[in-house]
Amino acid sequence: MPSAPARTIDLRIGSGTEHIAQLVELARMVYGSHPDVTSEDYHRWLYVDGPGGPAIQVSAFVDGRMIGHYAVVPLPFSDGDGEIRAGLGVNAIVHPAEEGRGLFARLVGAADAGAGAAGLELLYVVPGPHSEPWFTTVLRYVHDGELSLFVGPLRSTALLQRGPSQLRPLVPAGMLLDPLLRLRSRIVNRRRSCGALRLEPIERFGPEFDDLWRRVRRAAGRTTARTSAYLNWRYGACPTRRYRTLAAWHQSRIVAYVVSRSRTVQQLPGIRLGTIVDVLSERTAEGDAAVTALVADACRALREHGSDAVVAQLRRPSPLVRSLHKNGLWRLPGRHAGYRPIACKGRGAVSGQPYHFTGGDFDMG
Amino acid sequence: MNERIYAIVSKVFRVPLGTIHDDSSPDTIERWDSLQHLQLILALEEEFGVQFAIDEITAMQTVRSISAILRERAGANA
């Protein structure tokens with residue numbers, strides 16, 4: 001059998017918007033109607049507008065046609081002692097006809113080299129099941145824990161009615177459970193309103209969030225630096241996602257905040273999922289109480305807006321797990337569709353430090 | 001060396017040994033996807049006691065190119 005004619009794969013490294021149109025076209029072909037990666041505005045927001053500087057983008061072309069892409073988004077990162085320049089790997093896309101040829105490794109290798117040249121000291125990724133082996137073998141990343149998935153029902157009846165058909169017989173049980181869930185939510189909400197905390201919706205993150213970050217960053221350990229600049233970009237400026245942020249005040253300071261959103265998931269047709277995207281709090285009694293109250297309020301709002309269940313991703317151990325439990329979110333054990341490992345390369349990879357890592361720290365692309 | 005490479009390819013992609021030849025590639029072996037490509041690399045590294053660089057991995061487009069890379073390695077280590 002004759003060999004296929006040799007092709008030249010042209011690898012281009014960039015940091016602007018010159019390839020975004022082609023990237024969206026490739027993403028549309030691979031992912032269909034995904035709301036984020038098929039939006040040019042989304043990529044401009046992610047790649048150009050971030051507080052850490054422009055993303056290092058690597059795209060592969062054959063005869064001028066994009067066949068693969070990967071990017072590293074610089075982000076302000078903290079390891080508890082100080083800030084380090086880190087980069088999050090996102091948007092690995094390889095044209096299906098190009099799989100099995102090592103293009104993925106080539107894209108990531110080139111992006112990592114570009115990230116190093118740009119001064120990024122630590123690279124991290126949250127890979128899916130097909131790419132994780134690549135990162136932790138030939139690409140020399142180290143496994144650094146994983147995100148646990150916590151799940152809780154909000155509207156059991158609707159969940160059981162719209163979920164897998166095998167669950168339909170449980171609908172009557174759901175009709176009994178729903179009032180109990182609402183009652184528990186009211187109890188949790190009542191406990192928090194003992195006059196000590198004031199919950200307020202946030203449209204814009206001001207200097208009070210920088211103050212909170214300064215107070216908590218040492219205890220938080222390794223995490224994205226949650227300054228107001230980062231938070232405004234991350235949760236205030238994303239063109240394709242609508243987040244709801246609620247903060248808790250104790251006396252004159254913010255002691256915690258929770259960010260949530262509602263979405264549909266392709267793998268769960270007909271089900272609307274609420275997500276606790278991000279959470280940060282003081283490690284004080286007020287902070288702990290605030291997170292519980294904030295999560296309760298987020299769940300209430302998500303339920304009222306039609307979410308059937310709520311999920312949260314959190315790297316354990318974390319003191320925030322208690323608040324999730326109080327609100328009926330429990331960890332799904334073992335490896336499942338929501339299992340997400342974390343892998344790192346560079347300065348202090350596998351530091352052994354405490355870690356604060358939520359879904360919001362990686363689910364950007 | 002080729003026999004060893006063919007045997008590994010056959011085992012990783014679960015195809016009959018007799019169907020492997022120098023032009024075998026992702027275009028001719030249905031199971032040759034990115035995950036299996038990685039399994040192939042790891043199996044070759046273990047069999048031949050080498051650790052491939054990324055540019056070598058991406059150059060492994062056919063059994064012929066795999067053989068060439070390994071021969072070059074063997075020649076370099078001679």
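Every chain is numbered from 1 and lettered A, B, ... according to where its sequence line falls, protein lines coming before strand lines. Just so you know, these numbers come straight off a predicted model, no measurement behind them.
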Does A:R101 pair with B:D27 as a salt bridge, N-O distance under 4.0 Å? yes
Return the option, out of B:A59, B:S34, B:A53, B:S24, with the maximum number of heavy-atom pairs under 4.5 Å with chain A. B:S34
Tell me, please, which residues at least two apart from A:F150 pass ring-ring contact (aromatic ring centres under 6.0 Å, His included). none
Most contacts with chain A, counted as non-hydrogen pairs under 4.5 angstrom, among B:Q39, B:Q36, B:E45, B:Q51: B:Q51
Sequence-distant partners of A:R315, side chain to side chain contact (heavy atoms under 4.5 Å, CB included), two or more places apart: A:D144, A:L147, A:I342, A:Y355, A:F357
If I measure from the heavy atoms of chain A, does B:L42 come under 4.5 Å with its side chain, its backbone, both, or neither? side chain
Taking atom NE2 as the centre, does A:H143 end up with more than 12 heavy-atom neighbours from other residues, nucleotides or ligands that are less than 6.0 angstrom away? yes
Tabulate, in ascending numerical order, the residues of residues 2-10 of chain B having at least one heavy atom closer than 4.5 Å to a heavy atom of chain A, or enter 'none'. none
All heavy atoms of A:G100 vs all of B:P26, minimum pair found to be O-CG, 3.4 Å
Tell me the side-chain hydrogen bond (donor to acceptor under 3.5 Å, both in side chains) pairs involving residues 12-28 of chain A, sequence neighbours left out? A:D10-A:R12
What I'd like to find out is whether the side chain of A:T137 reaches to under 4.5 Å of the side chain of B:L38, using heavy atoms alone. yes
Interchain contact, B:L40 with chain A, by part (heavy-atom threshold 4.5 Å): neither
Compare all side-chain heavy atoms of B:I57 with those of A:W134 and state whether any distance is below 4.5 angstrom. yes
Examine whether an atom of B:I54 lies under 4.5 Å from a heavy atom of chain A, and if so say whether it belongs to the side chain, the backbone or both; otherwise answer neither. side chain
